[in-house]
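Here the structure comes first, spelled out in structure tokens, and everything after it is commentary.
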Number of protein chains: 2
Amino acid sequence: MSNEIRRNMALFPIGIVMKLTDLTARQIRYYEQNDLIQPARTEGKQRLFSFNDVDRLLEIKELIEKGLNIAGIKQVFDLKAPITMETEITETSEKTRKELTDKELHQLLKQQITNPGAFRHGENVLLRGELSRFFH
Amino acid sequence: MSNEIRRNMALFPIGIVMKLTDLTARQIRYYEQNDLIQPARTEGKQRLFSFNDVDRLLEIKELIEKGLNIAGIKQVFDLKAPITMETEITETSEKTRKELTDKELHQLLKQQITNPGAFRHGENVLLRGELSRFFH
DNA sequence: TGTTCATGTAAGGAAACCTCACTTGCCCTT
DNA sequence: AAGGGCAAGTGAGGTTTCCTTACATGAACA
């Protein structure tokens with residue numbers, strides 16, 4: 001839940017994603033253009049990628065290496081989606097992602113932090129401490 | 001171990017860190033200037049922050065809010081360091097961080113990914129799959 | 001009142017990113 | 001052999017984000 005929020009936080013600029021995935025900027029933009037990913041944007045329209053985006057790009061890369069074309073990859077993702085069970089929920093959270101991430105997520109984080117003590121030691125702390133839990 | 005690598009990966013530009021911590025760029029740079037953090041840099045000298053850096057900035061913020069000044073915060077960190085046990089190891093890994101992160105970490109990641117199959121299903125996969133494990 | 005500390009703010013420049021358009025290499029098909 | 005489509009490279013021109021440096025401000029305090 002807040003797990004999903006974390007995975008969907010828009011955090012990385014394209015330069016970092018290039019290094020993490022070893023894809024070129026051209027490729028990443030091309031995949032976006034073909035609807036394989038939908039990274040968030042800053043106000044200035046620069047792309048911001050989440051962990052999920054990076055994960056997906058790595059999947060795309062593998063499939064490309066296996067010789068699939070864009071249409072094939074799209075097909076694979078369409079087939080994989082239902083497997084995660086309860087497609088509706090997945091779709092819902094995808095919507096949540098697109099609407100929440102860009103506008104309110106950082107705000108949410110801010111509130112939790114700038115409201116000192118209010119969430120300390122609680123289940124809802126997204127950063128500080130939770131951050132440690134980002135890594136098992 | 002590779003856990004520590006992940007926590008120390010230089011990933012975020014200052015803009016993101018501002019949102020995550022609700023600190024101003026001025027503050028973040030000032031804390032760096034006073035040696036409270038040592039973010040990595042891109043070749044073009046732009047700051048890149050790791051999870052550990054963000055975590056530390058949040059600690060700094062808390063202490064600032066409690067009324068500590070820079071010297072006090074420095075003191076707190078000096079006192080906290082030995083508690084993590086085996087200071088030497090901590091120092092070593094700090095060195096590892098500074099030297100590894102900037103130069104070789106992404107390279108390391110690249111290799112593991114561009115060498116398809118070699119690390120699949122192994123313990124050493126840092127991304128794809130491991131990425132999911134970033135979140136417990 | 002003057003000093004120090006933490007931060008704000010402004011200027012000028014550089015890095016990183018953006019879109020658009022054209023090109024290239026490869027694989028097909030005719 | 002020619003033509004077409006796909007995935008990606010490359011270049012131009014512009015915008016956004018970040019950099020350092022320097023000066024300003026407000027609070028605390030000697």
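All values derive from a computational prediction rather than experimental measurement. What's counted below: heavy atoms across the whole structure, side chains too, no hydrogens, waters or symmetry copies. Below, chains carry the letters A, B, ... as their sequence lines are ordered, and counting in each starts from 1.
A:Phe77 carries A:Arg56 over the face of its six-membered ring, with the cationic atom under 6.0 Å from the centre and within 45° of the normal.
Straight-line distance from the CZ atom of B:Arg47 to the C1' atom of C:dA16: 15 Å, rounded to whole Å. Rounded to whole Å, atom C1' of C:dT7 lies 12 Å from atom CD of B:Gln33. The CD1-C1' distance, from B:Ile73 to C:dC5, rounds to 12 Å in whole Å. D:dA7 atom P lies 15 Å from atom CD of A:Glu65, rounded to whole Å. Computed from coordinates, the B:Lys45 NZ to C:dG13 C1' distance equals 16 Å when rounded to whole Å. Atom C1' of nucleotide D:dA7 and atom CG of A:Asn34 are separated by 9 Å, given to the nearest angstrom. Nucleotide C:dA6 holds its P atom 14 Å from the CG atom of B:Leu23, rounded to whole Å. Separating the CD atom of A:Glu43 from the C1' atom of C:dC17 is a distance of 16 Å, rounded to the nearest angstrom.
Looking at A:Asn34, its side chain does come within 3.5 Å of a backbone N or O of A:Tyr30 through a donor-acceptor pair.
If you find the closest nucleotide of DNA chain D to A:Gln46 and to A:Ile64, the one lying nearer the 5' end belongs to A:Ile64. Nearer the 5' end of DNA chain C, as judged by each residue's closest nucleotide, is the contact made by B:Leu68, out of B:Leu68 and A:Ile14.
Between A:Gln27 and A:Ile64, every side-chain heavy-atom pair lies at or beyond the 4.5 Å cut-off. Residues A:Glu65 and A:Lys61 are in side-chain contact: their nearest non-hydrogen atoms beyond the backbone lie under 4.5 Å apart. The side-chain heavy atoms of B:Val76 and B:Glu59, taken from C-beta on, include no pair separated by under 4.5 Å.
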Mind listing the side-chain donor-acceptor pairs of residues 10-18 of chain B below 3.5 Å, one per line with the distance, residues two or more places apart or on another chain?
none

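Applying a 4.0 Å cut-off to non-hydrogen atoms, the residues of residues 24-32 of chain B that approach DNA chain D are B:Arg29, listed by residue number.
Proximity of B:Arg41 to the phosphate of D:dT20: a side-chain N or O atom is located under 4.0 Å from OP1 or OP2. Dashed line: the shortest gap from a side-chain N or O of A:Thr42 to OP1 or OP2 of D:dT16 is not under 4.0 Å.
Summarising the local packing, NZ of A:Lys66 is surrounded by 12 or fewer heavy atoms from other residues, nucleotides or ligands at distances under 6.0 Å.
Distances from the side chain of A:Asn69 to the nucleotides C:dA16, D:dT16, D:dA7 place D:dA7 closest.
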